[in-house]
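Everything on this sheet refers to the single structure shown next.
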Amino acid sequence: MTAPLRVALLGCGTVGGAVLRLVGEQAADLAARVGRPVEVAGVAVRRPDRHPEVPAELLTTDALGLVTRDDVDLVVEVIGGIEPARSLIQAAIEAGKSVVSANKALLAEDGVALHAAAAKAGVDLYYEASVAGAIPLLRPLRESLAGDQIRRVVGIVNGTTNYILSRMAETGAGFSEALAEATELGYAEADPTADVDGFDAAAKAAILASLAFHSAVTASDVHREGISAVTATDVARAAEIGCTVKLLAICERVGGPDGESVAVRVHPAMIPTGHPLAAVGGAFNAVFVEAEAAGQLMFYGQGAGGEPTASAVLGDLVAVARNRVAGAAGAGPTAYAELPTRPIAETPTRYHVSLDVADVPGVLATVATEFARHEVSIATVRQDGHGDAATLVIVTHSAPDAALSATIAALREMPAVRGVTSVLRVEGLS
Ligand SMILES: NC(=O)c1ccc[n+]([C@@H]2O[C@H](COP(=O)([O-])OP(=O)(O)OC[C@H]3O[C@@H](n4cnc5c(N)ncnc54)[C@H](OP(=O)(O)O)[C@@H]3O)[C@@H](O)[C@H]2O)c1
């Protein structure tokens, strides 16, 4: 019998608890797949008294002591947040242990430095669970598509906001009402800021863009807008033009006079109901990838939850354990392309704009002139009603975001415009 590979588990909450249980339940299969038994050497938590499910001899509050122990080969970090997770992962890497993490916040902020440290130490750093939970996505980007050129990655990567937007579309509810329901049902945390303001999705977008475009992208490079300003009117207007509203993480390679760059953004957008992402309801996640040779690919599944996320963690654990058995480390991602990130102001997008206007002769021409003045071309325009309740619904062609924002600001100042009732970006319209 070969000696077991010993794993330090940092954190035993929603994900860590499921990892601990699955490692125990699947011990025989894991041993067969890895070529050596895999066992948990210790479990670091903050409050040991809250963990009767963990054998007492495994529990510790000394996470640093655990990761640097000589009898630990691999480290699984499922604490979350920046510190102490970063210091613990660094210490593990320096001590020659391969690391599996589910920590999107940390990888999006410090991925480059952590990868460099792992490469220097000759160990693995895998984090499939950090984006879209159970869905195999990072390894397909990193390995299966390594011979292709990825053009675009567009995803619904936050289940909480997708649940809220789905309920708004189904029931006509406003944002606050749908958020209250999501909180009540456990789909939203007591403090929902990270989800509804788009921080969580922005971290995931940074990780996806880094891998897809072989460039260093951090969360601060991502343009981020959440969903708290999405109104029932926006959702109703979307339905009128055959669209639905989703919070999208969009990573794209864009050409320009100064060469290629990477545009990464997270914002709510209208997408046609026929788009594959439109059918993604409730708390599910899905990511749509467009590559030069592969064409369009779609990844769909559970983006969160203890067991689904633990599935991705265990997949990584098997991968790093196999590498350890082989006496090697896998090739990490590279940032060789060094594409710069393009600011949102210069990024081409399309807008859907709904205006309440005075129904007087020439109003349509005045509004159209304002778009033209900012070099924004109009794709469609529709007028609903007349008299005091006239509404203009305009969908633009693609234009730099700054030109569109300036147009909206100018429209708000026009005497003929009584109100700008809905402004949302549109994606996926032909
Ligand atoms: N939950 C999901 O569905 C999901 C999905 C994808 C990715 N993730 C990622 O997975 C990670 C873990 O998430 P989670 O939902 O499992 O979190 P969680 O339920 O809050 O669990 C966190 C665990 O970390 C422990 N911990 C906190 N600070 C610690 C410290 N200083 N030293 C040692 N242990 C410490 C906690 O100990 P106590 O139990 O004693 O408090 C707890 O066991 C995060 O990076 C998260 O973003 C989660």
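First listed ligand is number 1; within each ligand, the first listed atom is number 1. Bear in mind that the values here come from a model prediction, so they are computed numbers and not experimental data.
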Whether the S422 and D234 side chains hold a donor-acceptor pair (N or O, under 3.5 Å, no angle test) is what I'd like checked.
yes
Please list, by chain and number, the protein residues whose heavy atoms come under 4.0 Å of ligand 1.
G11, C12, G13, T14, V15, A44, V45, R46, R47, H51, V78, I79, G80, P84, A102, N103, K104, A129, A304, G305, T309
For D401 and T347, test the side chains for any donor-to-acceptor distance below 3.5 angstrom and give the result as yes or no.
no
Summary of side chain to side chain donor-acceptor pair (under 3.5 Å) pairs that have at least one residue in residues 264-280, sequence neighbours excluded
E252-R265, R265-H267, R265-E427
With a cut-off of 6.0 Å (strictly less than), are more than 12 heavy atoms of other residues, nucleotides or ligands near CD of E375?
no
Aromatic ring proximity H397/F371, centre distance under 6.0 Å
no
Row check, F199 ring normal vs R224 NZ/CZ: under 6.0 Å, within 45°:
yes
